[in-house]
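One structure is given below, represented as structure tokens, and several questions about it will come after.
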Amino acid sequence: PPFRMAQLRKQVTDTNSVEYQRLSWDALKKSLNGLVNKLAVHNVSELVPELFTLNLVRGRGLLCVALQRAARAAPSFCDVYAALVAVVNSKMPEVGELLLKRLVVTFRRAYRRNDKPHCDATLRFIAALVNQQVAGIVLPLELLALLLE
């Protein structure tokens, strides 16, 4: 509850304590999820400065998880999510690399399980990242070879 969280924030003053780190982690997670959920075609340019105000070095994994979850829920918005990743990737290439690694692992897992909707959403996101030039051309060619076997 918000009231209880506000009380906890007031009580914790030591920035090195475990509770303070947990509270700041949860706040970062909520902020990233909120920004990814707000993302639409018409407001990408407005949300990018807000995204860069957050601690992306610490929260790059959280950003990747939020983007993957959003892309899985709404595969039609993969182009928008890929555009956001392309902008973030221009400043912090490790975010794009981490997202691609996680997408490949997710695709492998879904492919082994024969989970078609999950495979489809992951492939759409990878294709959008290739279109935005976050990923090279080798990855889609390898995926195509795998699917044609």
Side-chain angles (χ1 to χ4, degrees), residues 1-2 5-6 8-9 12 14-113 115-147:
M5 292 300 288
L8 280 174
R9 271 192 224 111
V12 179
D14 181 22
T15 58
N16 293 328
S17 70
V18 175
E19 283 196 35
Y20 180 82
Q21 295 296 324
R22 185 174 296 124
L23 288 173
S24 64
W25 181 262
D26 288 340
L28 180 62
K29 184 177 180 182
K30 286 181 184 179
S31 299
L32 286 171
N33 283 332
L35 285 175
V36 169
N37 288 338
K38 282 187 210 174
L39 196 61
V41 176
H42 57 82
N43 67 354
V44 174
S45 59
E46 298 163 9
L47 291 180
V48 168
E50 284 183 52
L51 187 65
F52 279 118
T53 61
L54 301 175
N55 187 356
L56 286 182
V57 174
R58 185 177 185 201
R60 62 182 179 257
L62 292 173
L63 177 64
C64 292
V65 168
L67 287 167
Q68 280 186 290
R69 187 177 300 130
R72 193 169 44 243
S76 58
F77 280 97
C78 284
D79 298 333
V80 181
Y81 302 134
L84 178 74
V85 172
V87 173
V88 173
N89 192 52
S90 67
K91 301 289 183 190
M92 299 177 62
E94 58 271 3
V95 173
E97 183 181 350
L98 177 65
L99 180 63
L100 280 170
K101 285 181 181 177
R102 289 186 177 193
L103 283 170
V104 168
V105 168
T106 303
F107 173 75
R108 283 184 188 163
R109 189 178 306 131
Y111 185 74
R112 282 189 207 124
R113 291 181 183 167
D115 185 4
K116 187 177 177 191
H118 208 153
C119 278
D120 183 44
T122 306
L123 285 175
R124 281 180 188 241
F125 200 10
I126 291 172
L129 289 172
V130 171
N131 286 341
Q132 291 288 338
Q133 296 179 349
V134 175
I137 195 71
V138 176
L139 177 63
L141 290 175
E142 288 178 354
L143 289 172
L144 188 61
L146 173 73
L147 293 173

If the condition is salt bridge (charged side-chain N to carboxylate O under 4.0 Å, His left out), which residues does Glu97 pass it with, not counting sequence neighbours?
Lys101
Could you tell me which residues satisfy side chain to side chain donor-acceptor pair (under 3.5 Å) with Asp115, sequence neighbours excluded, listed by chain and number?
His118
Smallest separation among heavy atoms of Leu139 and Ala135, with atom names:
CD2-CB, 4.4 Å
Would you indicate whether the side-chain heavy atoms of Leu99 and Arg60 approach each other to under 4.5 Å?
no
If we count only N and O atoms by modelled type, under 3.5 Å, do the side chains of Arg58 and Ser24 hold a donor and an acceptor together?
yes
Leu39 and Phe77, any side-chain heavy atoms less than 4.5 Å apart
no
Could you check whether atom CD of Gln133 has more than 12 heavy atoms from other residues, nucleotides or ligands sitting under 6.0 Å from it?
no
Heavy-atom pair with the smallest gap, counting every atom of Phe125 and Leu67
CE2-O, 4.0 Å
Do Trp25 and Asn55 have side chains that get closer than 4.5 Å, going by heavy atoms?
no
When you measure from the side chain of Asn89 to the backbone of Val85, do you find a donor-acceptor pair of N or O atoms at a distance under 3.5 Å?
no
Might you point out which heavy atoms bring Val95 and Cys64 nearest each other, and give the distance in Å?
O-SG, 3.9 Å
List the atom of Ala128, the atom of Cys78, and the distance in Å for their closest heavy-atom pair.
CB-O, 3.7 Å
Whether Asp120 side chain and Lys116 backbone form a donor-acceptor pair below 3.5 Å
no
Step by step, would you call Arg102 with Val65 a side-chain contact (heavy atoms from CB on, under 4.5 Å)?
CA-CA 9 Å; Arg102 289 186 177 193; Val65 168; 3.3 Å; yes
Would you check, one step at a time, whether the test side-chain contact (heavy atoms from CB on, under 4.5 Å) holds for Leu63 with Leu51?
CA-CA 10 Å; Leu63 177 64; Leu51 187 65; 4.2 Å; yes
If you define the side chain from C-beta out and look only at heavy atoms, does anything of Leu103 sit under 4.5 Å from Leu129?
yes
For a 4.5 angstrom cut-off between non-hydrogen side-chain atoms, does Val44 reach Val48?
yes
Quick one: pull up CD1 in Ile126 and CZ in Arg124 and give me the separation to the nearest 0.5 Å.
13.0 Å
pair Leu56-Leu32: side-chain heavy atoms closer than 4.5 Å
yes
Results of side chain to side chain donor-acceptor pair (under 3.5 Å) for Gln68 - residues two or more places apart only
Thr106
Considering only heavy atoms from C-beta outward, does the side chain of Thr122 approach that of Tyr111 to under 4.5 Å?
no
Positive for side chain to side chain contact (heavy atoms under 4.5 Å, CB included) with Leu143, one of Val130, Val138, Leu123
Leu123
Stepwise side-chain contact (heavy atoms from CB on, under 4.5 Å) test for Leu35 and Leu84:
CA-CA 11 Å; Leu35 285 175; Leu84 178 74; over 6 Å; no
Check: Lys38 main-chain N/O paired with Asn43 side-chain donor or acceptor under 3.5 Å:
yes
Could you tell me if the side chain of Met92 sits less than 4.5 Å from the side chain of Val57, heavy atoms only?
yes
Nearest heavy-atom neighbours spanning Ala70 and Val36
CB-CG1, 3.7 Å
Heavy-atom pair with the smallest gap, counting every atom of Cys119 and Phe107
SG-CE1, 3.9 Å
Does the distance from a Lys or Arg side-chain N to an Asp or Glu carboxylate O, for Lys30 and Asp26, drop under 4.0 Å?
no
